[in-house]
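Heavy atoms only: backbone and side chains are in, while hydrogens, waters and symmetry mates are out. We count ligands from 1, going down the list as the structure has it; atoms in each ligand are counted the same way. None of the values given here were measured: they were computed from a predicted structure.
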Amino acid sequence: MADSETQLRNLKIEDCLEVAILHKKAFPQSSLTKLGIEAVRRYYVKQMEGLNECLALGAFKNQRLIGYIFAGVFHGGLTSFIIENRWFLIGRVLTHPWLFVSPVFREAIKLGLKKLRKGRQVSVQIKTSNNNKSPFVILAIAVEPKLQKKGVGGLLMISAEEYAIEQGFQKMLLTVNAANDKAIRFYKENGWQRTQKNYQTDLEMVKQLSGMGSEN
Ligand SMILES: CC(C)(COP(=O)(O)OP(=O)(O)OC[C@H]1O[C@@H](n2cnc3c(N)ncnc32)[C@H](O)[C@@H]1OP(=O)(O)O)[C@@H](O)C(=O)NCCC(=O)NCCS
């Protein structure tokens, strides 16, 4: 179990710099990390804003962020982040041309361009989407590498799950990189199962909730 000094609280926009620094440590290979701390910070700020219904929880020890989870209902999170920050992101890519050496990064850029092209269409969908029908998603969970395997991830996951049940959801969804064995094992330990869906390098997982769900 995470020790009694670990405290959970809702994150605010001002916490996103600390979130970005932790993201960089927990996901050193991610394309977002390679774009730099400010890109990561903007990404998480975007998830907390707008039409999203985001539960952003931080685990703190001695006032220091040691873990976080972003979960809830997200409407075009990555797409709207790319669209709103396109000039900033283009600048980052142009000033870091070595990023193109990474196949993962090239794949992310391709996806980004595709999303930019579809952006207009998506923004219309966002305005008309019905919140109640959207799934509850675990968008990101991470724990300070030195403090992993002490139950902090489990604590964050249980809190998100309780919140989802309170909100009447009957299941939660997430996608995880198929090569991320550690995370997949963690999810399975926490009652998640693979679905049939795969997205490029990611696979989808689901957790059925035993709560008093409604239509979701
Ligand atoms: C996935 C992740 C969030 C899990 O966080 P965590 O704090 O290590 O999670 P927990 O400590 O609750 O559980 C992890 C493991 O430690 C074990 N554990 C928990 N408390 C323990 C304790 N006190 N002593 C020994 N082992 C313990 C759990 O049984 C679990 O075992 P597993 O290896 O079979 O899964 C963390 O590994 C991480 O940040 N990874 C990098 C980012 C990432 O990949 N995120 C997911 C992307 S989709």
Legend entry - Shared hydrophobic cluster, Ile69 / Leu17 (ILVMFWY, side-chain heavy atoms < 4.5 Å): no
Legend entry - CG on Asn190 to CD1 on Ile158, rounded to 0.5 Å: 6.5 Å
Inset, instruction - Output yes when the distance from some N or O of ligand 1 to some N or O of Ile141 is under 3.5 Å, and no in every other case. - result: yes
Legend entry - Lys150 and ligand 1 - part of the residue with a heavy-atom distance under 4.0 Å: backbone
Legend entry - Where ligand 1 meets Ala26 - atom numbers and elements under 4.0 angstrom, heavy-atom basis: 41 (C), 42 (C)
Inset, instruction - Test side-chain hydrogen bond (donor to acceptor under 3.5 Å, both in side chains) on Gln7 and Lys61 and set out the steps. - result: CA-CA 6 Å; Gln7 292 182 334; Lys61 192 169 183 172; over 6 Å; no
Inset, instruction - Using distance alone, determine whether Gly154 and ligand 1 share an N or O pair under 3.5 Å. - result: yes
Inset, instruction - Could you go through the side-chain hydrogen bond (donor to acceptor under 3.5 Å, both in side chains) check for Thr175 and Glu204 one step at a time? - result: CA-CA 4 Å; Thr175 55; Glu204 185 183 72; over 6 Å; no
Legend entry - From the candidates Asn190, Val143, Leu155, Leu22, the one that places a heavy atom nearest atom 39 (O) of ligand 1: Val143
Inset, instruction - Using a strict cut-off of 4.0 Å, indicate which atoms of ligand 1 neighbour a heavy atom of Lys182. - result: 37 (O)
Legend entry - Tyr187, portion touching ligand 1 at heavy-atom distance under 4.0 Å: side chain
Legend entry - Lys149 and ligand 1 - part of the residue with a heavy-atom distance under 4.0 Å: both
Legend entry - Short N or O distance, Gly153 and ligand 1, threshold 3.5 Å exclusive: yes
Inset, instruction - Indicate, with yes or no, if Val137 and Phe27 share a hydrophobic cluster defined by side-chain heavy-atom contacts under 4.5 Å among Ile, Leu, Val, Met, Phe, Trp and Tyr. - result: yes
Legend entry - Donor-acceptor under 3.5 Å (Lys46 side chain, Arg41 main chain): no
Inset, instruction - Report the relative orientation of the aromatic rings in His23 and Tyr44; use parallel for angles under 30°, tilted for 30 to 60°, perpendicular for over 60°. - result: perpendicular
Inset, instruction - Any chance you could measure Leu32, atom CG, to Arg42, atom CZ, to the nearest 0.5 Å? - result: 12.0 Å
Inset, instruction - Would you check the N or O atoms of Ala142, main chain and side chain alike, for any that come under 3.5 Å of an N or O of ligand 1? - result: no
Inset, instruction - To the nearest 0.5 Å, tell me how far Leu55 CG sits from Phe70 CZ. - result: 9.5 Å
Inset, instruction - Using distance alone, determine whether Arg185 and ligand 1 share an N or O pair under 3.5 Å. - result: yes
Legend entry - ligand 1 atoms in contact with Phe27 (distance to a heavy atom under 4.0 Å): 42 (C), 43 (C), 44 (O), 45 (N), 47 (C)
Legend entry - Atom indices of ligand 1, in the order listed, that fall short of 4.0 Å to a heavy atom of Val176: 48 (S)
Inset, instruction - Examine the proximity of ligand 1 to Leu174 and report which part, side chain or backbone, both or neither, has a heavy atom under 4.0 Å away. - result: neither
